[in-house]
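The structure appears right after this line, and notes come after that.
Residue numbers run from 1 in the order of the sequence given.
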Amino acid sequence: MKNKKIVFVLFIIVIAVQLAVPAKMILNQERILKTGTAFKFKTIPLDPSDPFRGKYIRLNFEEDKFEIKNKDNWKRTEKVYVIIANNDNGYATIKNVVKEKPSSEIHFITSSVKSVNSYGENKNITIEFPFERFYMEEFKAKPAEDAYRDSFEKENTTAYALVYVKNGEAVLENVFINNVPIQIMIQN
């Protein structure tokens, strides 16, 4: 009888932990969306599918390279902190990439180095942002992919990802084409 009580208590603890972990993750994302700073990251076309994770739009960013002086100081997959700010047009731009965590007064994203490039005099690193995939409902993903890809064939089209940033964490809220959320664009 005593063993059954112990097993029951352990069972309840396991259930509580299994519910608490995803709840904490969700609440953290919501906190960033509510209290973080919004940045518009200009995108360029690319959009695959992942059979294990679902349908998504793969986002490539116009601003994902940073000029460096010495390529030997940087390693692929290395953790970095990308300091960002808005440019004159209101889009996010990379101000600096550092290896030490900046103060919380500065807007930065914890990221990694995707590649280290050296072409003659030109040396840069490509940043792998943690928000390069925008997941959607399965039946909306294909029309959204098509709308996203087709938008780049038209002149004067602007596509961007609205990303909220706080203390190094980033949450992708939505993708916009000409300031219209992609979900609304595919309804038309």
- Item | Euclidean distance, Phe39 CZ relative to Asn86 CG, rounded to 0.5 Å | 5.5 Å

- In one Ile/Leu/Val/Met/Phe/Trp/Tyr side-chain cluster, 4.5 Å: Leu19, Ile12: yes

- Item | Euclidean distance, Ile106 CD1 relative to Lys95 NZ, rounded to 0.5 Å | 12.5 Å

- Distance-only, no hydrogens or angles: does the Asn87 side chain make a donor-acceptor pair with backbone N or O of Asn89 under 3.5 Å? yes

- 4.5 Å side-chain heavy-atom contact, Ile68 and Val116: yes

- Should the heavy atoms of other residues, nucleotides or ligands under 6.0 Å from CZ of Arg31 be counted, would the total exceed 12? yes

- Query: Do you reckon Val80 sits in the same ILVMFWY cluster as Ile83, going by side-chain contacts under 4.5 Å, direct or chained?
  - Reply: no

- Walk me through it: do Tyr81 and Thr110 pass the test side-chain contact (heavy atoms from CB on, under 4.5 Å)? CA-CA 5 Å; Tyr81 301 94; Thr110 305; 3.6 Å; yes

- Message: Let's go through Tyr160 and Phe61 carefully: what are the C-alpha distance in whole Å and the side-chain angles of both, what is the deciding distance for ring pair (Phe, Tyr, Trp, His ring centres under 6.0 Å) to 0.1 Å, and is it a yes or a no?
- Response: CA-CA 8 Å; Tyr160 63 89; Phe61 297 98; over 10 Å; no

- Task: Under the side-chain contact (heavy atoms from CB on, under 4.5 Å) rule, what do Val163 and Val165 come out as? Steps first, then yes or no, please.
- Result: CA-CA 6 Å; Val163 177; Val165 175; 4.1 Å; yes

- Query: Side-chain heavy atoms under 4.5 angstrom apart, residues restricted to Ile, Leu, Val, Met, Phe, Trp, Tyr: same cluster for Phe8 and Ile15?
  - Reply: yes

- Task: Look at Lys114 together with Glu132 and state whether they make a salt bridge at an N to O cut-off of under 4.0 Å.
- Result: yes

- Task: For the pair Asn73 and Asn70, evaluate side-chain contact (heavy atoms from CB on, under 4.5 Å) and give the outcome as yes or no after the intermediate values.
- Result: CA-CA 6 Å; Asn73 293 341; Asn70 184 351; 3.6 Å; yes

- Would you give the length of the straight line joining atom CD1 of Ile125 to atom CD1 of Ile127, rounded to the nearest 0.5 angstrom? 4.0 Å

- Item | Shortest non-hydrogen contact between Ser103 and Phe108, atoms and distance | O-CE2, 3.8 Å

- Note on the structure: Nearest heavy-atom contact between Lys40 and Asn179 is NZ-OD1, 4.4 Å

- Atom pair OG1/CG of Thr93 and Asp88 - distance to nearest 0.5 Å: 10.0 Å

- Please determine if Lys79 and Glu128 form a salt bridge, counting it only when a charged side-chain N lies under 4.0 Å from a carboxylate O. no

- Do Glu173 and Tyr164 come close enough that some side-chain heavy atom pair is under 4.5 Å? yes

- Roughly how far, to the nearest 0.5 Å, is CZ of Arg133 from CG of Leu172? 12.5 Å

- Name the one of Ile84, Asp64, Leu162, Leu59 that satisfies side-chain contact (heavy atoms from CB on, under 4.5 Å) with Phe41? Ile84

- Would you say Val180 and Ile182 are hydrophobically clustered, going by side-chain heavy atoms of ILVMFWY under 4.5 Å? yes

- Message: Main chain of Lys75, side chain of Glu78: is a donor-acceptor contact present, judged purely on distance under 3.5 Å?
- Response: yes

- Identify whether NZ of Lys or CZ of Arg in Lys99 sits under 6.0 Å from the centre of the six-membered ring of Trp74 and within 45° of that ring's axis. yes

- Between Thr126 and Ser115: side-chain donor-acceptor atoms closer than 3.5 Å: yes

- Query: Hey, mind stepping through Lys42 and Thr158 against side-chain contact (heavy atoms from CB on, under 4.5 Å) and telling me if it holds?
  - Reply: CA-CA 7 Å; Lys42 247 181 158 179; Thr158 304; 3.9 Å; yes

- Query: Side chains of Thr37 and Lys166: do they bring a donor and an acceptor to under 3.5 Å?
  - Reply: no

- Working to the nearest 0.5 Å, report the span between CG of Asn124 and NZ of Lys69. 13.5 Å

- Message: Do Phe176 and Asn174 have side chains that approach each other closer than 4.5 Å (heavy atoms only, starting at C-beta)?
- Response: yes

- Heavy-atom side-chain proximity of Ile109 to Phe131 below 4.5 angstrom: yes

